[in-house]
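See below for the structure under consideration.
A quick note: this is a predicted structure, and the numbers were derived from the prediction, not measured. Naming: A, B, ... by sequence-line order, numbering from 1 per chain.
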Amino acid sequence: MTETILTGDALTHRFGDIIALDEVSVSVDAGTMVAVLGPNGSGKTTLLRALAGLLIPDTGRVKLPDRLGYLPQQPIFRPGFTVRETLSFYARLEGVSMVEVDSVIERTGLEQATAHRVETLSGGMRGLLGVAQALLGDPPAILLDEPATGLDPMMRRHIFEVLDTNRTDGQGILFASHDLELVEETADRIIILETGRPVESGTPSSLFERYDTDSLEAILHEVLEGDPTSVAIGGDR
Amino acid sequence: MGDDVVPVGGALGSSRIDRLWAVIYRELLTVVRTRSVTALSLAFVAVVLGALIVGEGHTRGFAPAILDLMTPVELVVPLFAIALSYRAILGDATRGELDLLRIRPLTAGEHVLGAFIGRAIAVSVVVLVTMLVVGILIAITEPDTVRVFATHETADSPVLFGRFTVLTILLGLVFVSVGLLISVLATSMRGAIVLLATILLIVVGFELAVVEGLATGTISDDRLDIVLGLGPMTAYRGLVLETAVSLDQGVSVRAASPWISVGGLFSWIVGPLLLAIAIRQRRA
């Protein structure tokens, strides 16, 4: 039986009048990759923050492992520190050895940048550093908020290959993304959110079968009530 | 984390000391590598040396130098200490890096205490080096007759200057602690500046209230010791006058109760620090 590593049960959260999450339930099993899709403002980031324990939902329950990897949407690190120093700091908090830090640097392809200060890194390299810190210590569950943002296609593919290896090693991964091609290729399960509500979920193959298509984009157009190209705020509709 | 967030699973791999040291080291490196901190430190040295030279206290001995330096130091040490500390946690929060700390096994206490120790070391080193330079200048330029280590009243002595230095470092630590409180309370740089102004107004307001209380008789002479020990600046000033200045004159001036003032200063270090930990904990 597959072990469930992370669960969020009936999560609801409001920011004032805006419903950011509306009865969202999600679980991540060991060795699986779950993708959260949805237009901007659909509640993806709020869901990830709630699952990471960074936001206490108004109602609902989160069960998370003792150790967790988390990549925020736009990771910015304390300036004045090199890539290696930044990772060493986080490693030290986790009790992770420098050998493992070097391993993560190698796996994420940051070897050439280890001595560079974080403020001199490009957006893509900063994203890579963010992914690297999330992988430190091989936590049982990893939450990534748009890990492919700012990365070139090669690097994007490389990052998902790294995540795929982690999945094979038994880690449970949940990520929010707009990269439908990579989601199709990598996700074991997909959850589609709109204005904080889960409007569809399932394995890619079951969704393709249900909507009689082989394109996630077509499914999104079918499922989402609003215009997928515009920002929708919970409570507006 | 609230009751609705339940952690499950394995043990943590780092010790409390490891985590505390990691934060201290990070804060120290930040201070060393931030150019504005270097500029502030040089400005601090320049102001203190400038005050000394303008007052010519260095040509008359340690005690006169202390009297010359006391007021400028009272002004610049708090500002310097707050400038060095108010962004320690606020910077992490505004960058979003606080989230990366919150998901890790770093407690609010370890985070705030580590930031305090790191920034406190930096402030202490700058104050110590500055006072060392001042002390050397006094030793070089003052008359030979008073260049002795004396323990009895009536003689000027570097020991008095040593006490002044220790008390000034304590004053610095008070405002590092206050700066960290601002750092966890504020949610933006603008908010931090508003909080800083508010706290400075409270401190200055307290001083004015003491003067007013004395003038109107609300504060009686026998309670003055206690009242003076309550404010950080009045406690510092009282301690300097009591332990680093009055002895050399051979006159016992009852400026403050040393124990109450020491207690006051330590309360001003520990109080804001505990409050900062509690607020950081609540926000976690």
For the atom pair [atom1] ([X]) and [atom2] ([Y]), what is the distance rounded to the nearest 0.5 Å?
X: B:Arg102; Y: A:Leu55; atom1: CZ; atom2: CG; answer: 8.5 Å
X: A:Leu71; Y: B:Asp99; atom1: CG; atom2: CG; answer: 11.0 Å
X: A:Glu85; Y: B:Leu29; atom1: CD; atom2: CG; answer: 6.0 Å
X: A:Leu93; Y: B:Leu20; atom1: CG; atom2: CG; answer: 10.5 Å

Tell me the closest heavy-atom pair linking [X] and [Y], and the distance in Å.
X: A:Gly95; Y: B:Ser14; result: N-CB, 3.4 Å
X: B:Arg33; Y: A:Arg117; result: CD-NH2, 3.6 Å
X: A:Tyr70; Y: B:Leu100; result: O-CD2, 3.4 Å

Check whether more than 12 heavy atoms from other residues, nucleotides or ligands sit under 6.0 Å from atom [atom1] of [X], and answer yes or no.
X: B:Arg87; atom1: CZ; answer: no
X: A:Glu111; atom1: CD; answer: yes
X: B:Phe206; atom1: CZ; answer: yes

Practice problem: Please state whether the side chain, the backbone, both or neither of B:Val32 comes within less than 4.5 Å of a heavy atom of chain A. | Solution: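 Neither part.
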Quiz item: At a heavy-atom separation under 4.5 Å, does B:Leu106 approach chain A through its side chain, its backbone, both, or neither?
Solution: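 When you check distances to chain A, only side chain atoms of B:Leu106 fall under 4.5 Å.
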Quiz prompt | Worked check of side chain to side chain donor-acceptor pair (under 3.5 Å) between A:Tyr90 and B:Glu97 | solution = CA-CA 11 Å; A:Tyr90 286 109; B:Glu97 207 174 353; 2.5 Å; yes
Quiz item: A:Arg78, A:Arg92, A:Gln74, A:Arg49: which one forms the most heavy-atom pairs within less than 4.5 Å of chain B?
Solution: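 Between A:Arg78, A:Arg92, A:Gln74, A:Arg49, the count favours A:Arg78.
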